[in-house]
Q: 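Attaching a single structure in structure tokens format; questions to follow.
Quick note on labels: first sequence line is chain A, next is B, and so on, each numbered from 1.
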Number of protein chains: 2
Amino acid sequence: MTELRPGDASLLRKVNTQATLRALRREGVATLTQLGRITGLSRQTVEAVLDELGERGYVREVPPDEGAMGRPARRFGFRADAGYVVGVEVGGDTIVAALADLGGEVIAWERAEVDSDAAAHERLDAARRTSLACVDGAGVARTRVWAVAAGTSGIVDRTGRVSLSITLPGWTGVDLAGLARRWFGCTALAANDANLAALAEHWRGSARHASDVVYVMMGRRVGAGILIGGRLHPGRGGAAGEIGTLRQVGWEDAARELVKDASAAGVFEAALRGDRDARRRVDRYAETLAIGASALALAIDPDLLVLGGGYARVGDVLLEPVRRHLAELCVSVPEVVASTFGDEGVALGAVRLALSHVEREILGL
Amino acid sequence: MTELRPGDASLLRKVNTQATLRALRREGVATLTQLGRITGLSRQTVEAVLDELGERGYVREVPPDEGAMGRPARRFGFRADAGYVVGVEVGGDTIVAALADLGGEVIAWERAEVDSDAAAHERLDAARRTSLACVDGAGVARTRVWAVAAGTSGIVDRTGRVSLSITLPGWTGVDLAGLARRWFGCTALAANDANLAALAEHWRGSARHASDVVYVMMGRRVGAGILIGGRLHPGRGGAAGEIGTLRQVGWEDAARELVKDASAAGVFEAALRGDRDARRRVDRYAETLAIGASALALAIDPDLLVLGGGYARVGDVLLEPVRRHLAELCVSVPEVVASTFGDEGVALGAVRLALSHVEREILGL
DNA sequence: CGACATACGTGAATTGGTTACATAAGTAGA
DNA sequence: TCTACTTATGTAACCAATTCACGTATGTCG
């Protein structure tokens, strides 16, 4: 993209191109007149803009609609298949990759297991293989991938390097974005998993209508992601939301007590059956979670608090006590909802991050 | 301001007007050629833009510079006196009002005492009188005030109503912005005092180069203000930063222990002399403060943590223990600095808020 | 097959901006 | 005081992007 100097007369064209492209991406397929109405531009201008976009490969003419009154209008569609993005979660014991087109439609998923004790290079290799398999399996040429984003637990700085990880062996210091860049030879981004999960909820999940969001990832490891104004808020060093490291909050050991001598699923099931000890353990976990969550909520005063992560799918057994403790702790409790996505959230958020990058840097939106 | 429809050809002119006005405001006085160089516009365009701005009253031609080579250039200056804004702190026992011109230059200060037990209407009346006196005293006609902003302790919602105040009697529910609107018959805004103090630090204080800022107001009442991306982050209900209400943090009672049977100044002085009990009290206060501050820092991961408020002026006696406790609590400690402004910070931040409103709504920047 | 509806195509007019070049109005120095 | 130099201004020609008006094309409906 050329810069937008004031004085550049083609500024107007750029603004109009963006407006048109945005409208067309939302509509999928539209006629000149329709786009004109939406964007407020004249038909002629829309036509000129679409010509340009057609040459750049983002827009294609599709067969006209039949059976309508009057002369059939030429119809144009956004070429969602002009390019692709990959989002991948590099987790403790699973890798989840998603391939999406420029329209944000997820074309293919790919999963792989990885040993939780695996060394960094093994984990990276698994992530690479899974991402490539996802793209290859969908029959998409690797060169057509325009951006990759990876999500992982731990603190990820703004260059995409893991600056601190306490769960994954050898993970601290790994330049995740730098390495992922080589997978497809395109730009790569990396971010914290909870942040990406939050982004996914804002994109297509339960946080669609919220602007400031706190997402709490409940699982063996507890983490939080923050959205401000609908955008990722990683903070100066990518550590925003790391409230759990505060001793008084104690997210680090939250799960340890919960699953002592048992599996998490077992404890939740027992609690559901009414087992006293299991209930107590779940309640304790919920309280720990709620303390951190309330600290985040008080700090940020978000529109919405989303509860997600691996343990979220057990439902009210866990959500109810979290809600109860939150109500006790916060003066003004934010709205609390359960996350929409299961274990796909992080990869989906990564897709959204990659897509945003493409929209900004390549499409110029 | 008219809307910016795409397709509006005058969009260009608007962009250029803004760029020119911004440049001129920064420069104070400049020639056409200089402005052209800065904005990247041609001299002719700048001239046309300045003509328009002149008619609107924001720009005036000033006498040309003498003694320079070549034909003397016409010089233009931003009319900082085209309008004024008022910022006022409505505090527990003081009212501080500041009058500033459109250039952000503070023309006049006015202060008044107010009984800390005063009823809401008395406090409001004192604020009104102080603000009017500030303007009148400077010889500025009241009708030339374009915006007022008020800062006060407690939670202020986005409409400018005090939705919760625990320190000021009868203050909860007061529609501060709504009432202030009548003082000068112009738009009025209201916000939390710590938030405004943070804004002031970002404008002209120690947070000038930071983007995400946490400001902790240390005083009889402890509060915090947050800036994200250099802008106020009040949160959904204006409660962002109210971490102190969390029991585990306990900012509410922080000062009570500090000043038990003594004046704050006395305790700090005693601590400075080495008095064991005073030191312990200060350390305890500092720790309480640091716990909340670290929670905010971990939640937001700001570029900078600013320590301000009434007690900040005692200096290292208090700052040092706060820093020490912070270092213990945070994994990655943000940069910590003392605030630049004393008891003028809140009013100054209010000026900045009012000014931003004017720039956005009236000047169209 | 004609009436109607809707979309397309073209040319003039408008707004905003740029470059080029002649002209004006100062200072510096002989 | 006059001339050279420097810098700003004024004017004209031209370009980019857009809109509006109006005539033309191409379907469906009765």
Q: On the nucleotide dG17(C), are OP1 or OP2 found under 4.0 Å from the side-chain N or O atoms that Arg13(B) carries?
A: yes
Q: For Glu61(B), what residues pass the side chain to side chain donor-acceptor pair (under 3.5 Å) criterion, not counting sequence neighbours?
A: Arg74(B)
Q: Sequence neighbours excluded, which residues qualify as side chain to side chain contact (heavy atoms under 4.5 Å, CB included) partners of Gln44(A)?
A: Ser42(A)
Q: Please list, chain by chain and in numerical order, all residues satisfying side chain to side chain contact (heavy atoms under 4.5 Å, CB included) with Ile107(B), sequence neighbours excluded.
A: Tyr84(B), Leu99(B), Asp101(B), Ala138(B)
Q: Report the distance from atom NZ of Lys14(B) to atom C1' of dG17(C), rounded to the nearest whole Å.
A: 16 Å
Q: Distance check needed: dT18(C) C1' versus Arg37(B) CZ, whole Å only.
A: 18 Å
Q: Does the protein touch nucleotides 21-30 of chain D at the base, only the backbone, or not at all? Give it as B, S and - per nucleotide, heavy atoms under 4.0 Å.
A: B---BBBSS-
Q: Mind calculating the distance between CZ (Phe76(B)) and C1' (dT9(D)) to the nearest angstrom?
A: 11 Å
Q: Just to verify, what does Ser211(A) make a side chain to side chain donor-acceptor pair (under 3.5 Å) with, not counting sequence neighbours?
A: none
Q: Just N and O in the side chain of Thr45(B): are any of them under 4.0 Å from OP1 or OP2 of dT18(C)?
A: yes
Q: Applying side chain to side chain donor-acceptor pair (under 3.5 Å), can you list everything that pairs with Glu27(B), at least two apart in sequence or on another chain?
A: none
Q: Using atom CG of Asn16(B) as one end and atom P of dT15(C) as the other, report the distance to the nearest whole Å.
A: 17 Å
Q: Taking CG from Leu11(A) and C1' from dT18(C), how many angstroms apart are they, rounded to a whole number?
A: 15 Å
Q: Could you check which residues of residues 26-35 of chain B get a heavy atom under 4.0 Å from DNA chain D? Sort them by number, please.
A: Leu32(B), Thr33(B)
Q: Please list, chain by chain and in numerical order, all residues satisfying side chain to side chain donor-acceptor pair (under 3.5 Å) with Asp136(A), sequence neighbours excluded.
A: Arg142(A)
Q: Going by an N to O cut-off under 4.0 Å, is there a salt bridge joining Arg22(B) and Glu359(B)?
A: no
Q: Let me confirm one number: the CH2-CG distance from Trp203(A) to Leu196(A), rounded to the nearest 0.5 Å.
A: 12.0 Å
Q: Applying side chain to side chain contact (heavy atoms under 4.5 Å, CB included), name anything that partners Ser206(A), two or more places apart in sequence or on another chain.
A: Glu201(A), Val306(A), Val337(A), Thr340(A)
Q: Would you please confirm or rule out a distance under 4.0 Å between OP1 or OP2 of dT19(C) and any side-chain N or O of Ser42(B)?
A: no
Q: Rounded to whole Å, please give me the gap between CG in Leu12(A) and C1' in dT19(D).
A: 12 Å
Q: Nearest whole angstrom, please: distance from the P of dA25(C) to the CG of Asp65(B).
A: 18 Å
Q: In this structure, how many angstroms lie between the P atom of dA24(C) and the CZ atom of Arg74(B), rounded?
A: 17 Å
